[in-house]
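Just follow the structure's listing: the first ligand is 1, and inside any ligand the first atom is 1. Just so it is clear, the values below take in all heavy atoms, side chains as well, and ignore hydrogens, waters and symmetry mates. FYI, the numbering just counts along the sequence from 1.
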Amino acid sequence: MSDLEPTTVSTSDPAALPAPSNPRPRPGELNFAAPRAGKPPQHLADLDPAERKAAVEALGHKGFRAKQLSTHYFERLVETPAEMSDLPKAIRDELVARLLPRLLTPVRTLTADQGRTIKSVWRLHDGALVESVLMRYPRRVTVCISSQAGCGMNCPFCATGQEGLTRNMSAAEIVGQVVQAARMLRHGALAVSDPTDRGTVGGEGAGGDMAGDEADGDAEGGPVRVSNVVFMGMGEALANYKAAVGAVRRIIDPSPDGLGMSARGITLSTVGLVPAMDKLAAEGIPLTLALSLHAPDDKLRDELVPVNTRWSVDEAIDAAYRYFEATGRRVSIEYALIRGMNDQGWRADLLAAKLNARGRGWVHVNPIPLNPTPGSRWTASEPGVEREFVRRLRALGVPTTVRDTRGSDIDGACGQLAASTA
Ligand code: SAH
């Protein structure tokens with residue numbers, strides 16, 4: 001359980017623009033077509049290095065300025081003209097205004113888990129609100145980011161799904177959350193007070209979420225760096241494919257063109273949009289794919305994950321297996337354990353049978369105790385039922401790790417992110 005420390009760290013002009021309101025989706029209704037309204041201004045992080053150079057030249061400046069701007073943004077993590085003394089004063093403001101517009105305005109910051117979890121609420125240029133969550137573990141630091149304002153997938157147990165889709169985020173808005181997290185860490189957020197609890201170079205993490213390969217810690221207990229990025233905040237990243245993959249490329253492009261992180265530290269979670277899963281497999285990026293399954297049978301999954309009416313359990317698992325075959329990356333199956341809904345022993349057995357039918361060693365299961373959401377009649381499984389579910393999967397040879405519920409007291413845990421919490 002989290003220790004609630006409701007410290008509101010920053011409140012900057014939160015009432016300037018209202019959050020766009022959109023009608024709540026009807027049960028089962030899917031929304032793939034994001035409204036075109038609200039497109040954010042173009043940002044350097046929307047562009048690849050060649051496009052950045054062209055953009056700078058189109059403004060009448062020398063192409064090498066693009067590299068300087070990239071260094072400020074991705075390496076030095078600065079975006080204010082005053083901090084860019086290598087750029088002539090006369091052109092600094094213009095370059096920053098045109099290529100580094102501020103996309104994420106902090107609305108508020110909440111901490112939990114003895115300071116090890118920080119949820120940030122951001123206001124986008126059009127007033128839409130999104131959230132990201134920074135989590136410190138013994139051997140890694142993970143940031144959970146949003147890819148859409150709201151979500152069109154309408155899973156009934158997820159707070160974001162119940163809000164409906166406001167709009168797609170741009171690549172720069174998505175990667176900007178990682179840059180902000182890196183900046184917070186550089187300024188001492190999550191810094192270690194207990195020397196036995198350092199973020200250090202690490203292998204597989206002990207916790208339930210995705211483990212990274214190279215958490216970057218400081219033996220002296222100084223600032224740590226982001227080692228893992230999970231696309232598990234608001235939104236269905238694969239329904240915003242181009243921007244999400246653009247953001248992934250910015251995260252892994254070597255510094256200063258990008259943040260220079262390892263693709264192996266990135267996990268992208270999907271409801272199971274099969275064509276987009278296949279497209280992602282063909283990108284050749286060794287990131288981890290997570291499939292939100294939540295039920296091994298179509299009858300129940302149609303209800304819990306409405307997109308199942310388009311792509312069935314078997315089709316989604318087949319696509320996950322193809323992803324493993326193409327990338328060599330072990331796939332995660334997410335399974336929110338909901339009391340009396342999907343937590344029966346026979347469902348654990350059926351899940352194991354379906355996974356094992358495709359092969360061994362290609363997948364692991366992440367049961368997630370259901371986090372409460374407003375207005376939902378569902379709750380987490382009894383601890384004994386959860387243990388039995390896990391035991392059965394393991395007994396059938398399926399590696400299984402229960403995901404922790406970081407940030408649940410600040411509505412920062414899986415499925416609790418919603419603009420209305422701001
Ligand atoms: N759209 C993506 C990312 C969603 S969030 C997807 O669906 O995969 C990441 C995970 O949290 C998903 O597996 C999602 O189903 C799960 N989740 C949503 N609401 C939850 C809740 N109330 N409790 C626990 N997990 C939840």
Would you mind telling me if ligand 1 is within reach of the side chain of [X], the backbone, both or neither, using heavy atoms under 4.0 Å?
X      : value
Met153 : neither
Asn371 : both
Val305 : neither
Ile368 : side chain

Name the option, out of [options], that contains the heavy atom nearest to [atom].
atom                    : options                        : result
atom 6 (C) of ligand 1  : Ser292, Ser146, Cys144, Ser147 : Ser292
atom 10 (C) of ligand 1 : Glu334, Gln162, Gln416, Met232 : Glu334
atom 4 (C) of ligand 1  : Cys158, Gly415, Cys151, Gly233 : Gly233

Would you mind checking if Arg249 and Asp48 are paired as a salt bridge, meaning a charged N to carboxylate O distance below 4.0 Å?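 Looking at Arg249 together with Asp48, the answer is no, because their closest N to O distance does not fall below 4.0 Å.
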
Protein heavy-atom partner closest to atom 15 (O) of ligand 1 - residue, atom, separation in Å: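 Looking at atom 15 (O) of ligand 1, the protein heavy atom closest to it is His294 NE2, 2.6 Å.
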
For Pro369 and ligand 1, does the shortest N/O to N/O distance drop below 3.5 Å?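 Looking only at distances, the answer is no, because the N/O contact criterion of under 3.5 Å is not met.
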
Run the contact test for Gly235 against ligand 1 with a 4.0 Å cut-off on heavy atoms, strictly below, and give the result.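 For ligand 1, residue contact (heavy atoms, under 4.0 Å) with Gly235 is present.
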
Need the ligand 1 atom indices (1-based, order shown) with element for anything under 4.0 Å from a heavy-atom of Thr373.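 Per the distance check, 22 (N).
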
